[in-house]
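See structure below.
Just so it is clear: chains get the letters A, B, ... in the order the sequence lines come, proteins before strands, and each one is counted from 1.
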There are 2 protein chains.
Amino acid sequence: MTDRYNYMASVMKALAHPTRLFIVEKLNEQTCNVSELTRMVKADISTVSKHLTILKQAGIIAAEKLNNQMIYRLLCPCVLDMYQCVIKIKDTEEKND
Amino acid sequence: MTDRYNYMASVMKALAHPTRLFIVEKLNEQTCNVSELTRMVKADISTVSKHLTILKQAGIIAAEKLNNQMIYRLLCPCVLDMYQCVIKIKDTEEKND
DNA sequence: GACCTATTTGGCATGATGACCAAATAACCA
DNA sequence: TGGTTATTTGGTCATCATGCCAAATAGGTC
């Protein structure tokens, strides 16, 4: 019972960061290595690497080694549906302002 | 651009707590007042009240005063779809173990 | 082996969260 | 008004999250 909510919260927490949401959306378009993502999000590469670790541990993305690079890809595109719901929440809010 | 991800992250963060996930699921079944939810989640009522404030500020739930009680209700049932996606992630993980 | 590129890990400072208790506020009733 | 119930707010403290730098690791090339 509680385990189920703990697990779900851990996945949501992994998504609850602007940089990580950006990464997920990007990986839905194409696989990327760490350097590419670092260039896009404009943060230290070690920071980006840690964000990727968090997403990987949550089971949202996966990594595969290609020579000396790590290629990351999105495992569960369904998380993008969450984005749609959040937009819906935003719309509802604005109507109530 | 960044604003969009900041906003989305703030909503996800509101959901990223086991107690708050429980509350959302409960409010999908029925409206509740604070005391009822407190009994169910077995935490201090002030803690539950703060969780409700966080969900309300995120636009996920709404409150309405009835006499000396606050009745909370779910605004966006679509967040429940997120639960389904998280379950899907869990299934995918278990297959890879 | 030395060197270069790509990535991860450790450490640390700083800020955000979350839980409880106590006190404040609000509405109702006697 | 005084008392009761329902809820929120403020304070404190421990814990967790985030960002950067520096150092370590891994693979490729010369």
Take the protein atom [atom1] of [X] and the nucleotide atom [atom2] of [N], then report the distance between them rounded to whole Å.
X       : N      : atom1 : atom2 : answer
A:Lys50 : D:dA23 : NZ    : P     : 15 Å
A:Leu15 : D:dA17 : CG    : P     : 14 Å
B:Leu55 : D:dT8  : CG    : P     : 12 Å
B:Tyr5  : D:dT18 : OH    : P     : 18 Å
A:Ile71 : C:dT5  : CD1   : C1'   : 14 Å
B:Ile45 : C:dA22 : CD1   : P     : 15 Å
A:Asp44 : C:dC12 : CG    : P     : 18 Å
A:Ile54 : D:dC16 : CD1   : P     : 14 Å

Mind checking whether [X] and [Y] have side chains closer than 4.5 Å, heavy atoms only?
X       : Y       : result
A:Leu66 : A:Asn33 : no
B:Ile60 : B:Val11 : yes
B:Asn28 : B:Val24 : no

Report yes if a side-chain nitrogen or oxygen of B:Ser35 is closer than 4.0 Å to either non-bridging phosphate oxygen (OP1 or OP2) of D:dT7; otherwise report no.
->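 Yes, B:Ser35 has a side-chain N/O under 4.0 Å of OP1/OP2 on D:dT7.
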Between D:dG19 and A:His51, is there an OP1 or OP2 to side-chain N/O distance shorter than 4.0 Å?
->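 Result: yes.
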[X] side chain: which of [options] is closest?
X       : options                : answer
A:Asn68 : C:dA6, C:dG18, D:dT7   : C:dA6
B:Ser46 : C:dG11, D:dT18, D:dT8  : D:dT8
B:Tyr72 : D:dT8, D:dT7, D:dC21   : D:dT8
A:Asn67 : D:dT18, D:dG28, C:dT8  : D:dG28
A:Met70 : C:dT8, D:dT8, D:dG10   : C:dT8
B:His17 : C:dA19, D:dT9, C:dT8   : C:dA19
A:Arg20 : D:dT18, C:dC20, C:dG18 : D:dT18
B:Lys65 : D:dG27, D:dT7, C:dA27  : C:dA27

At under 4.0 Å between heavy atoms, what does [X] touch on the DNA or RNA strands: base, sugar-phosphate, or nothing?
X       : answer
A:Lys13 : sugar-phosphate
A:Thr47 : base
B:Thr19 : nothing
B:Ser49 : base

May I ask you to check if the distance between the SG atoms of B:Cys78 and A:Cys85 is under 2.5 Å?
->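 Yes, the SG atoms sit under 2.5 Å apart.
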Hey, which of these two, B:Ala43 or A:Thr53, hits DNA chain C nearer its 5' end, going by closest nucleotide?
-> A:Thr53
Using modelled atom types only, decide if a donor and an acceptor are shared between the side chain of A:Thr92 and the backbone of A:Lys88 within a distance under 3.5 Å.
->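 Looks like yes, one N/O pair under 3.5 Å.
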For the pair A:Tyr72 (side chain) and A:Lys56 (backbone), establish whether a donor and an acceptor sit closer than 3.5 Å, ignoring hydrogens and angles.
-> no
